[in-house]
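Scope of the values below: all heavy atoms of this structure, side chains included, with no hydrogens, waters or symmetry mates.
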Amino acid sequence: MPRILSKMNAADATSADELTISDDRARLDVSMIENFLRASYWAPNIPREIVERSIENSLCFGAYLGAQQIGFARVITDYATFGYLADVFVLPEHQGRGIAKRLVAAIIDDPRLQHLRRLLLATRDAHGLYARFGFEPLATPADFMSIHRPEVYSQNHETRPQR
């Protein structure tokens, strides 16, 4: 059941509206999320179908001023041992007002994520934000491996994986 995870005065956001953090997928502005991600450094040109599928298969959080969605984040998780925090953003016109801190705090405090052994993320430019919540560089990066396909969204092929 969707929940409002955090409600607070948005004085920091210079608005009379209240800042709300919610996990209600029905409130998500998928077009806004898609447009932001398509222009991001981590998911350039991501197709809408992939954005929709990623939302369907993740624990999603929206940040709202009144009815307008101004931020987003999602956690890919098994709810038992592992989670990956992804696609965290606040729209540029609302950055610098503490909204990302509140969004990440709501995620870190979410009861469904309290018993995960590991919560991982990747960032190019927000290390300071995440360090406030206990994230730190990998202690043993050589223990981790990845398959990275940065051009996957610009390739002309079927977007659904074949099995």
Novice: Determine yes or no for a side-chain-to-main-chain donor-acceptor pair under 3.5 angstrom, with Gln69 supplying the side chain and Leu28 the backbone.
Specialist: no
Novice: Any side-chain heavy-atom pair from Asp78 and Leu116 closer than 4.5 angstrom?
Specialist: yes
Novice: Could you tell me if the side chain of Thr123 sits less than 4.5 Å from the side chain of Phe135, heavy atoms only?
Specialist: no
Novice: Is there a donor-acceptor pair under 3.5 Å between the side chain of Gln114 and the backbone N or O of Asp110?
Specialist: yes
Novice: Is there a donor-acceptor pair closer than 3.5 Å between any side-chain N or O of Thr140 and the backbone N or O of Asp143?
Specialist: no
Novice: Start with the C-alpha distance between Leu19 and Arg102, add both sets of side-chain angles, then the distance that settles side-chain contact (heavy atoms from CB on, under 4.5 Å), and finish with yes or no.
Specialist: CA-CA 9 Å; Leu19 178 68; Arg102 292 174 179 174; 3.4 Å; yes
Novice: Any donor-acceptor pair under 3.5 Å linking the side chain of Arg27 with the backbone of Asp23?
Specialist: no
Novice: Out of curiosity, Leu85 CG to Tyr130 OH, how far, rounded to the nearest 0.5 Å?
Specialist: 5.5 Å
Novice: Regarding Arg117 and the six-membered ring of Phe82, is the cationic atom NZ or CZ under 6.0 Å from the ring centre and inside 45° of its axis?
Specialist: no
Novice: In this structure, would Trp42 and Phe72 fall into the same cluster of hydrophobic residues linked by side-chain contacts under 4.5 Å?
Specialist: yes
Novice: Using the side-chain contact (heavy atoms from CB on, under 4.5 Å) rule, take Ile50 and Tyr153 through it: C-alpha gap first, then chi angles, then the decisive distance, then the call.
Specialist: CA-CA 9 Å; Ile50 300 296; Tyr153 304 135; 4.1 Å; yes
Novice: Is any side-chain heavy atom of Glu34 less than 4.5 Å from a side-chain heavy atom of Pro47?
Specialist: no
Novice: Are Leu138 and Leu129 connected into the same hydrophobic cluster when the rule is that any two of I, L, V, M, F, W, Y join if their side-chain heavy atoms are below 4.5 Å apart?
Specialist: no
Novice: Compare all side-chain heavy atoms of His148 with those of Pro150 and state whether any distance is below 4.5 angstrom.
Specialist: yes
Novice: Any side-chain heavy-atom pair from Pro92 and Phe36 closer than 4.5 angstrom?
Specialist: yes
Novice: Would you say that Phe89 contacts Ile33 through its side chain, given a criterion of any heavy-atom pair below 4.5 Å between the two side chains?
Specialist: yes
Novice: Applying a strict under-4.5 Å side-chain criterion to I, L, V, M, F, W and Y, I'd like to know whether Ile46 and Val30 cluster together.
Specialist: yes
Novice: Can you check whether Tyr79's main-chain N or O pairs, donor with acceptor, with Thr77's side chain at less than 3.5 Å?
Specialist: yes
Novice: When rounded to the nearest 0.5 angstrom, what is the spacing between CD in Glu52 and CZ in Arg48?
Specialist: 4.5 Å
Novice: Give, for atom CD1 of Ile99 and atom CG of Leu65, the distance between the pair rounded to the nearest 0.5 Å.
Specialist: 5.0 Å
Novice: Does some side-chain heavy atom of Leu119 sit less than 4.5 Å from a side-chain heavy atom of Leu113?
Specialist: no
Novice: Got Gln68 and Asp29 here, is their nearest side-chain heavy-atom distance under 4.5 Å?
Specialist: no
Novice: If hydrophobic clusters are built by linking Ile, Leu, Val, Met, Phe, Trp and Tyr wherever their side-chain heavy atoms come under 4.5 Å apart, do Leu91 and Tyr41 end up in the same one?
Specialist: yes
Novice: Nearest 0.5 Å, what's the CG-CZ distance between Leu121 and Phe133?
Specialist: 11.5 Å
Novice: Return yes if some donor-acceptor pair links the side-chain N/O of Ser58 with the main-chain N/O of Ile55 below 3.5 Å, else return no.
Specialist: no
Novice: When you measure from the centre of the six-membered ring of Phe61, is the NZ or CZ of Arg74 under 6.0 Å away and within 45° of the axis?
Specialist: no
